[in-house]
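Below you'll find the structure, written out as structure tokens, and then a few comments.
Numbers restart at 1 for each chain; the letters A, B, ... are given by sequence-line order, proteins then strands.
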There are 2 protein chains.
Amino acid sequence: MELLKLSNQLCFPLYALSRKITGHYLPLLDKIGLTYPQYLVMLVLWEENGLSVKELGQKLMLDSGTLSPLLKKMEDRLLLTRKRLKEDERVVIISLTETGEALKENASRIPEEIKCSLELSYQELEQMRSLATGMLDKLNQIELVRSN
Amino acid sequence: MELLKLSNQLCFPLYALSRKITGHYLPLLDKIGLTYPQYLVMLVLWEENGLSVKELGQKLMLDSGTLSPLLKKMEDRLLLTRKRLKEDERVVIISLTETGEALKENASRIPEEIKCSLELSYQELEQMRSLATGMLDKLNQIELVRSN
DNA sequence: TAAAATTAAATTGTATAAAATTTAATTACA
DNA sequence: TGTAATTAAATTTTATACAATTTAATTTTA
């Protein structure tokens with residue numbers, strides 16, 4: 001088999017599919033004024049408010065270089081606040097404002113709308129979700145092992 | 001089920017996994033002086049040389065806003081040439097140079113090295129590849145239908 | 001056939017990503 | 001206890017993504 005063929009790569013369909021699905025989110029997220037990574041930040045904060053930048057970064061697998069400017073923009077839009085922790089001034093705690101909390105209501109229909117927009121079966125979506133989650137966990141595990 | 005939980009999203013593991021796997025390519029691609037999207041461009045051109053920017057964009061699902069500057073950088077590195085087609089001056093044809101062709105040799109071990117680096121089973125990789133490819137095809141099909 | 005519509009790239013503007021460096025704060029330990 | 005090491009964010013730099021606009025070339029069609 002020709003290993004350097006695009007169609008034989010794992011990386012490419014994953015990369016293209018991820019961008020494609022993000023594309024399906026855009027018109028929906030536009031309505032509530034969020035970008036896709038900003039939406040992911042909100043998902044995390046709606047679940048658990050008051051996380052540090054580091055904790056957010058761990059959950060989303062993004063570093064401060066990505067999160068810092070993004071969170072600043074979201075602060076400007078009054079979705080959240082950034083406050084340094086008194087006990088350790090290095091730590092910045094991100095908390096939702098009322099506006100940010102309230103946005104959850106407006107976002108509540110997005111998961112169903114996406115499922116509809118994608119026109120993929122529940123089986124297919126669930127199979128992909130569990131496969132991707134499993135692979136992600138394994139790769140994160142490898143990183144842990146290699147860094148020790 | 002709480003639909004707005006990060007762990008219940010399809011989008012997130014896919015997005016994170018895609019970035020994670022790209023991350024595994026970086027040290028390998030660094031050795032041959034390519035970025036990840038540049039590697040994808042080379043994969044396409046190694047298979048079929050002399051494509052237009054549009055054709056490259058269709059295969060990689062990237063638009064000219066992404067490809068134009070990227071291709072210019074690759075031209076500067078003498079990996080490829082950009083020439084306007086005589087019959088239709090709007091079309092720019094991308095052709096590998098000898099340097100670009102020769103780079104294929106240096107890239108030949110990357111697929112195996114990646115497989116090794118990922119430490120995932122062949123079954124898992126193949127299942128993901130075929131699932132992702134299938135979903136991608138369906139989504140592209142939807143786009144075609146919706147645009148007509 | 002000349003103006004209108006279409007097409008292909010390039011450009012512009014905004015928003016990520018991520019490596020590397022810097023800054024400030026905290027902790028460890030000789 | 002004071003310096004070294006570590007840690008958390010922010011900043012800087014480079015490189016995508018992609019929507020929207022512009023430019024130039026080609027086709028369509030009234």
Side-chain angles (χ1 to χ4, degrees), chain A residues 11-12 15-27 29-30 33-42 51-58 60-77 80-94 143 147, chain B residues 11-12 15-27 29-30 33-42 51-58 60-77 80-94 143 147:
Chain A
C11 59
F12 173 66
Y15 157 81
L17 181 61
S18 172
R19 283 186 293 120
K20 186 75 70 183
I21 289 182
T22 301
H24 280 258
Y25 275 90
L26 292 189
L29 293 177
D30 223 40
L34 293 176
T35 64
Y36 180 71
Q38 286 172 10
Y39 173 64
L40 295 179
V41 167
M42 293 304 282
L51 294 175
S52 68
V53 173
K54 188 188 178 185
E55 289 167 326
L56 261 174
Q58 283 168 340
L60 296 174
M61 302 176 210
L62 291 170
D63 74 3
S64 65
T66 301
L67 286 176
S68 287
L70 189 152
L71 292 170
K72 226 172 266 186
K73 259 173 256 170
M74 294 172 81
E75 187 184 34
D76 291 343
R77 288 205 207 143
L80 49 81
T81 60
R82 302 183 312 124
K83 276 208 199 74
R84 295 214 174 250
L85 200 63
K86 260 205 206 66
E87 303 85 51
D88 186 340
E89 294 270 2
R90 294 170 303 180
V91 177
V92 170
I93 297 295
I94 305 297
E143 260 173 49
S147 71
Chain B
C11 57
F12 172 67
Y15 158 80
L17 181 61
S18 172
R19 283 186 293 118
K20 187 75 70 184
I21 289 183
T22 301
H24 280 257
Y25 274 90
L26 292 188
L29 292 177
D30 222 42
L34 292 176
T35 64
Y36 180 70
Q38 286 172 9
Y39 173 64
L40 295 179
V41 167
M42 293 304 282
L51 294 174
S52 68
V53 173
K54 188 189 178 185
E55 289 167 325
L56 261 174
Q58 284 168 340
L60 296 173
M61 302 176 210
L62 292 170
D63 73 3
S64 65
T66 302
L67 286 177
S68 287
L70 189 152
L71 292 171
K72 225 172 266 185
K73 259 173 255 169
M74 294 173 81
E75 188 185 33
D76 291 344
R77 288 205 206 145
L80 49 81
T81 61
R82 303 183 311 125
K83 275 207 201 73
R84 294 217 174 247
L85 198 64
K86 259 205 208 67
E87 302 85 50
D88 187 340
E89 294 269 3
R90 293 171 304 181
V91 176
V92 169
I93 297 295
I94 305 298
E143 260 173 49
S147 70

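Rounding to whole angstrom units, CG of residue Asp30(A) and C1' of dT14(C) are separated by 13 Å. Counting to the nearest Å, the P atom of dT14(C) and the NZ atom of Lys73(A) are 10 Å from each other. The separation between Arg19(B) atom CZ and dT16(D) atom P is 17 Å, rounded to whole Å. Here the P atom of nucleotide dC18(D) and the NE2 atom of His24(A) are 12 Å apart, to the nearest Å. We find that CZ of Phe12(A) is positioned 15 Å from C1' of dT16(D), with the value rounded to whole Å. Rounded to whole Å, atom C1' of dC18(D) lies 15 Å from atom OH of Tyr15(B). We find that CE of Met61(B) is positioned 11 Å from P of dC18(D), with the value rounded to whole Å. Regarding Leu70(B), its CG atom lies at a distance of 12 Å from the P atom of dA10(C), rounded to whole Å.
Taking 4.5 Å as the limit, some side-chain heavy atom of Ile21(A) sits within range of a side-chain heavy atom of Leu17(A). Contact of the Ile94(B) side chain with the Glu55(B) side chain is not registered, since no non-hydrogen atoms from C-beta on lie closer than 4.5 Å. Counting heavy atoms from C-beta outward, Leu67(A) and Val41(A) have side chains that approach closer than 4.5 Å. Looking at Leu70(B) and Gln38(B), their side chains come closer than 4.5 Å, going by heavy atoms from C-beta outward.
Ring-plane geometry between Tyr39(B) and Tyr25(B) is classed as tilted, the angle between the planes lying from 30 to 60 degrees on a 0 to 90 degree scale.
Along DNA chain C, the nucleotide nearest Leu62(A) and the nucleotide nearest Glu87(A) are compared for position; the residue whose nucleotide lies closer to the 5' end is Leu62(A).
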Whether each nucleotide of nucleotides 5-14 of chain D has a protein heavy atom under 4.0 Å at its base (B), only at its sugar-phosphate (S) or at neither (-) is summarised, 5' to 3', as --BSSBB---
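The two atoms that bring Leu60(B) and Arg19(A) nearest to each other are O-NH2, 3.0 Å, heavy atoms only.
Across all strands shown, dT1(D) is found opposite dA30(C) as a Watson-Crick or G-U wobble partner, with both distances under 3.5 Å.
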